[in-house]
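Here is the structure we will look at, set down as structure tokens.
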Amino acid sequence: MVIDKLKKHSSESNEEPKSKADIPVGKWVKCDKCGEIIYKEKLHENYSVCPLCNHHFRLSARRRVWQITDEDSFKPFEELTNLKTVNPLDMPEYMDKLKSLQEKTGMTEAVYCGTGKINGEEAVICVMNANFLMGSMGTVVGERITYSIEKAIELKLPLIIFSVSGGARMQEGIMSLMQMAKTSSAIAKANEAGILFISVLTDPTYGGVTASFASLGDIILAEPGAMIGFAGPRVIEQTIKQQLPSGFQTAEFLLEHGFIDKIVERKDMKEVLYKLIKFNK
Amino acid sequence: MSIEIQKQIEELKEEIKELENINTDKMIDVADEIEEAKKRLKNLERISEGNLTAWEKVEIARNPNRPTALDYVDNIFDEFMELHGDRTCTDDKAIVCGLARIGEQNYTIIAEQKGRNTKENIERNFGMPNPESYKKGIRFMKQAEKFNRPIITFIDTKGAYPGIQAEERGQGEAIARSMFELSNLKTPVIAIVIGEGSSGGALALGVADQILMLENSIYSILSPEGYASILWKDGSRKEEAAEKMKLTAEDLLGFKVIDEIIKEPAGGVERNSVQEVASILKTRIMEITKDLKSKNVDTLVSERYEKFRNMGEYIREEK
Ligand SMILES: [Zn+2]
């Protein structure tokens with residue numbers, strides 16, 4: 001039943017999302033955090049959150065859209081689905097990798113964008129996809145996000161971006177880096193135009209995404225326990241040659257240090273987004 | 001360095017001539033030596049023609065004898081006054097800010113500054129900014145806008161510092177905010193990549209109307225070592241990575257990531273030849289300033305937006 005709903009929401013593919021991050025194989029799933037074995041259907045009824053320890057499982061872009069928008073209200077920007085990278089560094093395996101990921105995930109790239117309604121309130125919504133090259137931002141992701149930001153300005157709609165990303169996309173080198181400037185400039189433009197931008201950080205959000213649009217929300221929300229940072233923990237450990245404190249770079253850590261507005265549980269996300277839109281009308 | 005290389009080339013030519021004389025006169029076989037010397041000559045000539053591999057450029061960009069931002073500032077501007085502090089907690093010294101002047105034209109300087117010796121490097125955290133450096137930069141950007149001063153940024157960093165406190169104080173947010181502010185600042189911005197322009201820590205000062213890049217500097221998503229270790233799980237393939245990454249000024253001009261290449265003496269500018277490059281930069285800064293100031297400010301800002309808007313070519317596939 002869940003799958004049927006997902007299908008209706010996705011014009012990109014009729015396939016059921018298959019990635020590990022979303023639906024593990026078989027009827028039962030083991031919680032990464034507490035080890036509890038959970039009946040899969042039960043997990044999905046509970047927003048893909050462990051009923052025992054509140055661990056927020058990684059979510060596919062489609063399931064995320066389905067959780068926060070009104071039924072049948074999400075309309076993907078069809079004009080974005082056929083954008084393809086020029087493979088600026090001529091990486092030989094890269095194009096094959098993209099193709100196999102497209103087949104495996106049923107998604108065309110690492111971000112899914114469109115408009116949808118949240119309790120009747122329309123918004124431009126972008127959702128990044130962890131199971132597509134770790135949500136890394138190449139030229140197509142940068143273009144999709146920038147286009148969506150500009151669409152929010154044009155349509156005078158609130159903008160909501162769910163981030164999940166390892167950062168820049170190595171295979172596209174400097175052109176990937178430049179997407180940070182491109183998306184941040186677009187957010188600045190939306191800011192001038194008085195557009196509400198709610199940035200939602202989910203596990204994990206790192207590197208070039210943290211250091212660009214994701215940190216520029218008027219409101220920045222995060223899911224409980226999400227790992228969020230600029231430099232990866234291993235890079236920091238290698239640099240400072242000491243162990244990192246426990247809880248470092250979690251959403252709770254960021255809240256404590258003043259970099260996010262609020263931690264929101266997945267089951268409350270739609271309602272909180274709705275209220276924030278209403279507060280800013 | 002260019003004179004140095006010319007001297008070496010002349011010496012080597014002389015040596016080869018002598019070896020050839022020995023070879024013919026005394027019937028001693030020095031053919032191997034001649035071949036070896038010719039190889040060295042060829043290599044020197046390649047360097048003197050500026051025909052360097054990407055990795056050689058990486059090494060030049062990191063040369064501790066390469067001029068730092070302040071070396072250029074001192075040689076380009078008639079006057080410079082450094083001013084300090086982010087107005088929240090500290091004065092991070094990996095970015096230097098201040099006011100400068102050429103003739104009657106005032107400028108704001110925001111510059112990533114590596115140390116010129118060990119002591120300075122420790123003080124400046126090896127040119128790796130903490131968030132407070134970017135916050136200081138942002139303060140100076142806004143001030144520049146208020147007083148209609150063009151901004152000159154100098155880019156030279158291995159990257160923003162990856163540390164515990166840097167994360168606690170919002171490294172990602174600071175970089176993002178720096179680009180955000182630069183992108184619609186109502187005053188001209190010129191960025192100059194003078195050495196290593198690595199990762200978001202470099203790009204934070206790179207959202208500019210005109211981006212100049214020294215011939216042997218590099219600009220990249222991260223270091224070739226880091227790139228090789230992430231992509232191939234093997235940091236030792238750094239030379240191969242440097243070629244693959246397209247991080248040279250020439251590559252980046254081709255990508256339209258930069259606007260102009262500034263020539264360096266053969267083998268790379270060093271501190272004793274900084275004036276040569278500084279005088280080219282001075283001329284270009286004056287010319288570009290004049291050009292940018294002639295634009296209506298709305299045009300200036302919207303052209304800057306379009307410049308970055310168009311970065312990252314993609315294909316629209318037929319369905
Ligand atoms: Zn659990």
Side-chain angles (χ1 to χ4, degrees), chain A residues 79 81-86 88-91 138-140 142-143 146 168 170-182 184-189 191-192 206-216 228-232 235-236 238-240 242 244-245 248-249 253-254 257-259, chain B residues 128 131 159-164 166-185 197-204 206-207 219-222 226-227 230-231 244-247 251-252 255 257 302 304-305 307-319:
Chain A
E79 59 275 36
T81 56
N82 61 340
L83 303 186
K84 194 180 150 195
T85 173
V86 297
L89 304 188
D90 297 317
M91 285 289 178
T139 49
V140 172
E143 175 61 26
T146 304
M170 291 302 139
Q171 290 90 341
E172 296 192 26
I174 188 81
M175 295 325 295
S176 170
L177 187 74
M178 290 301 143
Q179 304 311 303
M180 293 168 63
K182 176 167 163 169
S184 299
S185 302
I187 294 294
K189 198 176 189 184
N191 185 59
E192 292 275 290
Y206 274 91
V209 167
T210 299
S212 65
F213 63 86
S215 290
L216 295 171
I228 302 154
F230 173 62
V235 174
I236 299 172
Q238 280 164 10
T239 308
I240 62 170
Q242 63 188 68
L244 299 172
F248 182 66
Q249 291 187 326
F253 170 94
L254 262 81
H257 286 93
F259 289 96
Chain B
M128 299 171 87
Y161 187 65
I164 293 180
E167 294 290 317
E168 284 177 352
R169 300 195 295 252
Q171 187 70 285
E173 200 265 351
I175 293 170
R177 192 63 62 183
S178 186
M179 294 187 290
F180 175 99
E181 294 296 347
L182 279 175
S183 76
N184 66 3
L185 217 55
S198 194
S199 93
L203 181 59
V207 181
Y219 198 3
S220 62
I221 186 169
L222 81 174
Y227 193 80
I230 288 179
L231 208 56
K244 198 77 207 165
M245 289 168 79
K246 303 198 172 143
L247 45 62
D251 290 328
L252 298 170
F255 280 145
V257 165
S302 79
R304 191 185 307 143
Y305 182 78
K307 179 185 181 73
F308 286 89
R309 176 73 186 81
N310 292 328
M311 278 196 197
E313 207 187 332
Y314 54 86
I315 306 164
R316 203 172 276 279
E317 245 178 346
E318 289 304 315
K319 278 195 187 166

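What you are looking at is a predicted structure, and each value in this text was computed from that prediction instead of being measured. Residue numbering restarts at 1 for every chain, and letters A, B, ... go by the order of the sequence lines.
- No other option in G229(A), S215(A), A211(A) has as many heavy-atom pairs under 4.5 Å with chain B as A211(A).
- Contact of Y161(B) with chain A is made through the side chain alone, with heavy-atom distances under 4.5 Å.
- Scanning both residues, L231(B) and M91(A), for their nearest heavy atoms gives CD2-CE, 3.5 Å.
- In this view, K307(B) and D259(B) satisfy the salt bridge (Lys or Arg N to Asp or Glu O under 4.0 Å) rule, not counting sequence neighbours.
- Each of Y227(B), Y314(B), F308(B) has some count of heavy-atom pairs under 4.5 Å with chain A, and the biggest count is that of Y314(B).
- Using a 4.5 Å cut-off between heavy atoms, Q171(A) contacts chain B through both its backbone and its side chain.
- If you measure heavy-atom distances from F253(A) to chain B, the contacts under 4.5 Å come from the side chain alone.
- Heavy atoms of I230(B) lying under 4.5 Å from chain A belong exclusively to its side chain.
- Here the closest heavy-atom approach between residue I240(A) and residue P162(B) is recorded as CG2-O, 4.2 Å.
- For a residue to count as touching a neighbouring chain, one of its non-hydrogen atoms must lie under 4.5 Å from one of that chain's; by this rule N191(A) touches chain B with the side chain only.
- The side-chain heavy atoms of E173(B) and P131(B), taken from C-beta on, include no pair separated by under 4.5 Å.
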Assess whether side chain to side chain contact (heavy atoms under 4.5 Å, CB included) is satisfied between I164(B) and E167(B), documenting all intermediate values. CA-CA 5 Å; I164(B) 293 180; E167(B) 294 290 317; over 6 Å; no
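- In terms of heavy-atom pairs under 4.5 Å with chain B, the best-connected choice from G138(A), P245(A), A186(A) is A186(A).
- Ion pairing between a basic and an acidic side chain is recognised when a charged N comes within 4.0 Å of a carboxylate O; R316(B) and E79(A) show no such pairing.
- Each of Q238(A), E172(A), Q242(A), Q249(A) has some count of heavy-atom pairs under 4.5 Å with chain B, and the biggest count is that of Q249(A).
- Between chain B and the residues T139(A), V86(A), I187(A), T85(A), the largest count of heavy-atom pairs under 4.5 Å involves V86(A).
- Among all heavy-atom pairs drawn from S183(B) and V207(B), the shortest one is CA-CG1, 3.8 Å.
- With a threshold of 4.5 angstrom between heavy atoms, F180(B) approaches chain A through its backbone and through its side chain.
- Counting heavy-atom pairs closer than 4.5 Å to chain B, the top residue among T210(A), I228(A), I236(A) is I236(A).
- For S185(A), the parts lying under 4.5 angstrom from a heavy atom of chain B are both the backbone and the side chain.
- Looking at K84(A) and E313(B), no side-chain N of the basic residue comes within less than 4.0 Å of a carboxylate O on the acidic one, giving no salt bridge.
- Judged by the 6.0 Å distance and 45° axis criteria, K246(B) is not positioned over the aromatic ring of F255(B).
- Among the candidates M170(A), Q179(A), M175(A), the residue making the largest number of heavy-atom pairs closer than 4.5 Å to chain B is M170(A).
- When heavy atoms are compared at a cutoff of 4.5 Å, L252(B) approaches chain A solely by way of its side chain, counted from C-beta outward.
- A search for side chain to side chain contact (heavy atoms under 4.5 Å, CB included) contacts involving A160(B) returns F230(A), Y134(B), Q171(B), I175(B), not counting sequence neighbours.
- Neither the backbone nor the side chain of L247(B) has a heavy atom closer than 4.5 Å to any heavy atom of chain A.
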